[in-house]
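Order of listing sets the numbers, starting from 1, for every ligand and every atom in it. If you read the sequence from its start, that first residue is 1, and numbering goes on from there. Quantities reported herein were computed from a predicted structural model and do not represent experimental measurements. Any value given below was found using the heavy atoms of this structure, including those in side chains, with hydrogens, waters and symmetry copies removed.
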Amino acid sequence: MSSNPNYKAELVGVFGHPVAENPTVVMQEAGFQALGLNWRYLTIEVLPQDLEAAMRGMRAFNMKGINLTIPHKVEVLKYLDEVKPDAALMGAVNTVVRAGDKLVGENTDGKGFMQALTQDAKVNPKGKNVLVLGAGGAARSITVELALAGAHQITIVNRSVDRGKILTELINTKTPVKASFTPWQAGYSLPEDTDILVNATSIGLAPLSHEKPEIDYEAIHTGMLVCDVIPAPMTPFLQEAQRRGAKIVDGLGMLVYQGAIAFKLWTGLDAPVEAMYKALSKAFNIE
Ligand code: NDP
């Protein structure tokens with residue numbers, strides 16, 4: 001036995017409500033194990049009214065960081081010492097990193113998407129025409145990162161007009177990219193010059209995993225890149241796009257990458273992405 005035992009694990013985790021079905025623990029713990037790190041990822045139920053106390057608690061416990069999920073991503077900004085520019089632009093933080101005494105807010109969702117796009121699909125969004133279905137949190141983080149990466153123009157298509165307009169206004173006023181908004185109607189037909197199409201809605205999420213966005217799929221063609229945020233290796237949306245010759249990017253990769261980016265922010269080490277992907281796939285019953 002070592003003469004200087006260290007029984008203290010480093011702590012990270014997630015605050016959410018509800019949080020029991022959040023699978024992040026599986027991939028982060030697989031990452032820690034793969035690198036032999038004595039770190040733990042805790043899945044913690046935090047009610048909205050308890051977020052301030054929870055953030056004080058994570059400071060007191062000297063936790064290395066925390067993920068935030070529904071409903072805390074916006075509210076948490078109040079309790080941070082610093083927020084990175086892209087997260088500030090989105091107005092949402094999904095990862096807090098301890099830097100000395102400071103708590104720093106980051107958003108890794110859109111960055112995970114970008115990594116899947118550039119690394120797996122080998123597509124650089126610079127100069128591309130992008131169409132995003134949805135205007136919620138996922139759409140917000142994706143469109144901001146796409147705008148910062150120099151997309152040519154971004155079209156946002158959303159069911160609720162108010163939400164769609166707010167995101168469009170954000171891109172138009174806070175980034176150099178031109179965005180436009182189209183209210184979603186069933187059978188919506190994409191502009192012909194769309195290079196990248198993203199489903200950033202929750203359509204296709206279990207238990208409604210047989211559903212796909214109601215658009216005119218005739219407009220999807222070879223040469224288009226079609227991406228889904230739904231964390232699965234294949235969705236009916238992606239199946240339809242692939243059938244029409246489009247290249248596809250799934251949301252499972254995005255989920256692993258956003259976790260891998262948080263892993264690196266916390267530990268300072270490159271994340272063992274493959275081990276994390278494998279663990280998550282197993283948890284999702286994907287062969
Ligand atoms: P939000 O609730 O913030 O937004 C949901 C979006 O989906 C809104 O634009 C909403 O439109 C739209 N929507 C939902 N149902 C319908 C419908 N029947 N018809 C048309 N539009 C619909 O959720 P998030 O943005 O946080 O999450 C969206 C999805 O992204 C989830 O499935 C989540 O799992 C996934 N996600 C994946 C990540 C990954 O790493 N792969 C990371 C983060 C999220 P409206 O405004 O009209 O309500």
Side-chain angles (χ1 to χ4, degrees), residues 14 16-19 21-24 26-28 67-75 87 90-95 106-117 119-121 131-146 154-170 181-188 198-215 226-238 248-263 271 273 276-277 280-281 283-284 286:
V14 57
H17 174 70
V19 80
E21 288 184 14
N22 188 301
T24 309
V26 171
M27 71 171 158
Q28 294 295 357
N67 282 140
L68 287 311
T69 188
I70 289 171
H72 303 310
K73 287 185 185 183
V74 176
E75 203 59 19
M90 291 164 203
V93 160
N94 78 335
T95 303
E106 301 255 5
N107 198 310
T108 66
D109 280 338
K111 290 194 180 87
F113 171 83
M114 293 296 286
Q115 201 163 329
L117 198 73
Q119 215 164 292
D120 293 351
L131 192 136
V132 176
L133 302 170
R140 186 172 274 250
S141 61
I142 288 170
T143 48
V144 165
E145 296 296 347
L146 284 168
I154 299 178
T155 305
I156 291 154
V157 177
N158 197 51
R159 179 180 61 180
S160 114
V161 171
D162 286 357
R163 231 171 167 192
K165 282 187 175 164
I166 289 170
L167 179 53
T168 307
E169 174 85 357
L170 173 89
F181 171 66
T182 305
W184 194 334
Q185 271 157 5
Y188 167 79
V198 185
N199 173 35
T201 72
S202 41
I203 303 170
L205 194 65
L208 300 176
S209 40
H210 56 283
E211 292 192 347
K212 60 176 187 287
E214 283 186 45
I215 58 167
V226 178
C227 316
D228 205 337
V229 296
I230 301 300
M234 187 52 87
T235 57
F237 174 69
L238 291 180
I248 60 168
V249 169
D250 67 54
L252 190 59
M254 172 183 170
L255 185 62
V256 175
Y257 285 133
Q258 65 78 28
I261 295 165
F263 185 103
V273 175
M276 293 167 77
Y277 189 93
L280 203 57
S281 299
F284 286 172
I286 300 162

CA sep, side-chain torsions, deciding dist, call: Asn107, Ser141, side chain to side chain donor-acceptor pair (under 3.5 Å): CA-CA 8 Å; Asn107 198 310; Ser141 61; 4.7 Å; no

Show your working on side chain to side chain donor-acceptor pair (under 3.5 Å) between Asp162 and Ser160 and close with a plain yes or no. CA-CA 6 Å; Asp162 286 357; Ser160 114; over 6 Å; no

Is there side-chain contact between Ile230 and Phe237, with heavy atoms separated by less than 4.5 Å?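 Not touching, per the 4.5 Å side-chain cut-off.
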
Is any side-chain heavy atom of Val249 closer than 4.5 Å to one of Asp228?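 Side chain of Asp228 against side chain of Val249, heavy atoms only: no contact under 4.5 Å found.
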
Check: [X] N/O within less than 3.5 Å of ligand 1 N/O:
X: Arg163; answer: yes
X: Gln258; answer: no
X: Arg159; answer: yes
X: Gly251; answer: yes
X: Ala139; answer: no
X: Leu255; answer: yes
X: Leu252; answer: no
X: Pro231; answer: no

Check each of Asn94, Thr201, Thr24 against atom 29 (C) of ligand 1 and report the one with the nearest heavy atom.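 Considering heavy atoms of Asn94, Thr201, Thr24, the nearest to atom 29 (C) of ligand 1 sits in Thr201.
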
Option nearest atom 28 (C) of ligand 1 (shortest heavy-atom distance, choices Gly136, Ala200, Pro183):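 It is Ala200 that holds the nearest heavy atom.
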
Under 4.0 Å and counting heavy atoms only, is there anything from the protein next to atom 33 (C) of ligand 1?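 Protein heavy atoms within 4.0 Å of atom 33 (C) of ligand 1 - there are none.
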
Record the part of [X] in heavy-atom contact with ligand 1 below 4.0 Å; permitted values are side chain, backbone, both and neither.
X: Ile203; answer: side chain
X: Val229; answer: both
X: Asp109; answer: side chain
X: Ile230; answer: side chain
X: Asn158; answer: side chain

For Glu75, all residues meeting salt bridge (charged side-chain N to carboxylate O under 4.0 Å, His left out), sequence neighbours excluded: Lys78

List the residues meeting salt bridge (charged side-chain N to carboxylate O under 4.0 Å, His left out) with Lys73, not counting sequence neighbours, and say none if there are none.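 Counting only residues at least two positions away or on another chain, Lys73 forms a salt bridge (charged side-chain N to carboxylate O under 4.0 Å, His left out) with Asp109.
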
Does the [X] side chain pair with the main chain of [Y], one donor and one acceptor, at a distance under 3.5 Å?
X: Gln28; Y: Gly259; result: yes
X: Arg159; Y: Trp184; result: no
X: Asp250; Y: Met234; result: no
X: Ser209; Y: Leu205; result: no
X: Thr108; Y: Gln258; result: yes

Give a yes/no verdict on whether any heavy atom in Gly112 is under 4.0 Å from an atom of ligand 1.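 Gly112: no contact with ligand 1 (<4.0 Å).
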
How far is atom 44 (C) of ligand 1 from its nearest protein heavy atom, and which residue and atom name does that atom have? Ala138 CB, 3.8 Å

In terms of residue, atom name and distance, what is the protein heavy atom nearest to atom 5 (C) of ligand 1? Ser202 OG, 4.0 Å

Which of the ligand 1 atoms, numbered from 1, are nearer than 4.0 Å to a heavy atom of Gly134: 9 (O)

Interfacing atoms of ligand 1 (cut-off 4.0 Å, heavy-atom, Gly137): 3 (O), 24 (P), 25 (O)

May I have the step-by-step check of side-chain contact (heavy atoms from CB on, under 4.5 Å) for Val157 and Phe181, ending in yes or no? CA-CA 6 Å; Val157 177; Phe181 171 66; over 6 Å; no

